[in-house]
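All of these numbers come straight from a predicted model, not from anything done at the bench. Convention: sequence-line order gives letters A, B, ...; per-chain numbering from 1.
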Amino acid sequence: MTAGGLLEVADLHVRIGGSHILQGVDLTVAAGGVTALLGRNGAGKTTTIKAILGLVPRTGSVRFDGAELAHLPTHLIVRRGLGYAPEDRGVFTALTVAENLRLAERRGARQRYDLVFELFPELRKRSAQPAGTLSGGQQQMLALGRALLNDNRMLLVDEPTKGLAPRIVTEVAGVLERVASAVPILLVEQNLGLVRRIAGQVVVIDQGRVVHTSPAASLLADTERVRELLGVATRRPEPSAELK
Amino acid sequence: MSTVVLLTLTGLGLGALYFLVAAGLSLIFGLADVLNFAHGVFLSVGAYATWWAAGHVPGAGPDGVGFLVAVAVGMLAGTVVAVVVELLLIRPLYARPIEQVLVTVGLALAGVALLQAYWGADALVFPKPSWTQETTRLLGASVPNDRFVLIGAAVLVLVALLVFLRRTRFGLIVRAGVEDRAMVTALGINVRTAFTLVFAIGGAAAALAGALAGVYYGNVSPGQGTSMLIFAFIVVVIGGMGSVVGSALAAVVVGLVQQFANYYTMAGVGEASVVLLLAVVLLLRPGGLAGRAA
Amino acid sequence: MRRGWIVAVAGVLLLVILPYSTLTLPGLFPGALNSPGTLQLLALCLLFAGFALSYDLLFGQTGLLSFGHALYVAAGSYSANIAVTKLGWSLPAGILLAVVVGVVLPAALGAVALRVQGIAFAMVTLAFAQVGSILVHADPGRLTGGEEGLSLAPAATPGFLAGVANTVNLYWLALAYLVLVAVIVRWAVDSEPGRVWQAIRENERRVTVLGLHPYRFRLLAYVLASLLATLGGVVHLLLQGGSTPQITTSNFTLGLLVMVVLGGLGSRWGAILGGVLYTYLDHRLAALGTWDVIADLPRAVRAPLSEPLFVLGVLFVAVVYFMPGGLAGLPARLRSRLAERSGNA
């Protein structure tokens, strides 16, 4: 086991409805910079993030800053300092922007509204607006803002640029870059340009297992390897759905 | 005209009762995904506790302030029972929704039987404040005052619930949790405390409905909770699960449809119309009038 | 599998010859095994086992949680009864009417109800049944007898089913119904549609992915289960000599639910066992209050114990908690417990 990682995940297994989705995931996230979690569709990237947080039933070990968290319920895991921005943004559409942010407040902790509004001035402007009426990009800002409101020591961000226009992607990338200088991020992304720009380490998942770990630059320089691990051309046929 | 006025107010009165039961059911289902068959027991507990308090608790009685005290006792009883049920029986079955429903079914059967064991299967005469037995003239009709009590209570509860949901942190948690429970926990909030809270709210509102049903019907019996519960379920589904406002709207519609249809055709058609309405709403808008997708 | 067949056939044979026995089991039964009282009770147990089996087809096999199954039992009982008693038809004609109702009614109601799923479906079935219950109580056209129910016209009952002495024939009729239901359910579950029902229960998306329409299969299961219940309703009519509104209530359906869970969801033997046990307890527990040891208890404890539904409700909650597989799952649990024990020894 590599030592010194802020987040250390070992032997993570997830079984849902008869499918063995994660088959023993091991990964380490350093205490600084961005670690990108890559893989094809359905490889298990989002499931890995959810499993770390306990949002899906799983077995295995999740150590954060040396402490074992796997036995704790999700809300206590999160309170150890893990911020989460899910794949579908996870904003509460019936609540206003301000209410979404207020929900993320934690008693006894510092609320960094100043930081959030500095990074996302749109959110201050649209404070009273129902989150459901925000654009995709604005909702993404809100999701990130919620995760940043507290003194979280690591952020888990799942596909923040999915479905966003290129101009917004650049904005989000800029925000993530700024944030990453202060808080380590475990980032699930399909957008390799973004990964190239901000990621220090990459971890590749395929069919529920980690198949490659390396500094980001060395993988991205090897286009053959990238195509082999992530490309569409050499995809193997998926096992068909079977009736028992 | 006077008939229409009377029918409208009676329909609104019944709707008020349905709303009181449905509001709690809706929140419980919207937040905790529990189809609570035991809700009828909360109602009956409230009714019997109020009946008992009116005769046994010092300061309580069938009239005036004493009656309010009796109703308060009834609501307290309903709340306590609801909280105990949630903590002891529902909570341990978290993430097993079918088992949770089954347990509430078992509770419903056992609870009604228990009430029957102690107080008998026959209806007991319910203490009614004399003021409620009088009538008021409104637009040419003589409307029994109990209708106004029911409507007034429901409006108060609706306002109180909306204030709670919009202005308090727990209300915020409930509103968010109805939409996406997992995300609420992912923000570091223990959503299970909110579960107990909505059960408590549901128990209190249902108990109040039980006491008011006693006033309206003039008696209390063990099976009253069950028959009200079925209509409350219909109201919850039409109004949208998790939506208090939806329940209020649906309750008004259901109450009015039932009254008018029953009067202008024959007994039974009102209930059939309500069910028809349910079917239509479900086919056109499975999420109900105001709620999320079922 | 072979062993299961042998047990089943042996069991049926045993039940067939049971009325010839004069064995007395005091406390368990009100009289000797061949006495009318005991035979009536046993007949009811067998009948309800059949009801439970039909409900298990719906909920246990296909995963359709219906709260309105009672509607079809009542439809069978009341339609045959009304035809014979109020309209003067012959009994076979009345039974035929019940069969037609038992196909048309669930086809129509199911077509609507099955457009939604889960809780909404449960609510719609509950609502439909409630309308049926209210209509029966309202006694339109003086057809249903309202609160008091409707007695079956004595003239219509064939000689071999009438009179206390012929209770044994009613017993055999109930047994025949149970066997019929068991055979049909077994055949249906093992058939092509049956496998799809089980797939629907577990993972409906898989079924859609294979190009099948879950809706049609659900409707098929619904109509079949309801038809079986309707036929049982006719047997119920003959057994009880009339129809009462009690069989239209949601409590009736909830009783079926308890039977099926008690016995073990999805287990056919379990459903039969649950049906027999529940019906037996429901009838005999009322007598529990008169036992000396119970009668001496303070009223606070004795009163609930005299209410069968209280005992059954508590038992049900206990089963859900501690025996999720129901009674049918007990042997497997015991086996694994013993295996654990011997493994650790």
Contact leader toward chain C among B:A279, B:P92, B:G106, where contacts are heavy-atom pairs under 4.5 Å: B:G106
Between C:F316 and chain B, with a heavy-atom cut-off of 4.5 Å, which part of the residue counts as in contact: side chain, backbone, both or neither? side chain
ring-ring contact (aromatic ring centres under 6.0 Å, His included) filter on C:F128, not counting sequence neighbours, yields none
B:Q116 and C:E307: side-chain contact (heavy atoms from CB on, under 4.5 Å), yes or no, with the steps? CA-CA 8 Å; B:Q116 193 168 310; C:E307 293 280 343; 3.6 Å; yes
Check whether C:Y321 reaches the backbone of B:L89 with its side chain - one donor and one acceptor, N or O, closer than 3.5 Å. yes
Residue-level interface, residues 248-256 of chain C with chain B, non-hydrogen cut-off under 4.5 Å: C:S250, C:N251, C:L254
Sort out for me which of B:L107, B:L115, B:L93 touches chain C most, counting heavy-atom pairs under 4.5 Å. B:L93
I need the B:F37 CZ to C:L126 CG distance, nearest 0.5 Å. 5.5 Å
Side chain, backbone, both or neither: which part of C:F59 has a heavy atom under 4.5 Å from chain B? side chain
If you count heavy-atom pairs under 4.5 Å with chain C, which of B:V103, B:V275, B:L278 comes out on top? B:V275
Heavy-atom cut-off 4.5 Å, strictly under: side chain, backbone, both or neither for B:T104 against chain C? neither
Could you list the residues that satisfy side chain to side chain donor-acceptor pair (under 3.5 Å) with C:Y222, not counting sequence neighbours? C:Y72
With a 4.5 Å cut-off on heavy-atom pairs, point out which of B:L276, B:V101, B:L102 contacts chain C the most. B:L102
Can you confirm if the aromatic rings of C:F67 and B:F233 lie within a centre distance of less than 6.0 Å? no
Taking side chain as everything from C-beta outward and backbone as N, CA, C, O, which of these in C:L309 sits under 4.5 Å from a heavy atom of chain B? Side chain, backbone, both or neither. both
Counting heavy-atom pairs under 4.5 Å to chain B, which of C:V131, C:L312, C:V258 comes out on top? C:V131
Which residue pairs pass the side chain to side chain donor-acceptor pair (under 3.5 Å) test when at least one of the two sits in residues 82-91 of chain B, sequence neighbours left out? B:E86-B:T196, B:R91-B:T196
Report the C-alpha separation of C:M123 and B:L35 in whole Å, then their side-chain angles, then the decisive distance to 0.1 Å, and conclude whether the side-chain contact (heavy atoms from CB on, under 4.5 Å) test is met. CA-CA 10 Å; C:M123 286 303 103; B:L35 182 59; 4.0 Å; yes
Can you give me the closest heavy-atom contact between B:I234 and C:A127, atom names plus distance? CD1-CB, 3.8 Å
Heavy-atom distances under 4.5 Å only: say whether C:V261 touches chain B with side chain, backbone, both or neither. side chain
Is chain B contacted by the side chain of C:V112, its backbone, both, or neither, given a heavy-atom distance below 4.5 Å? both
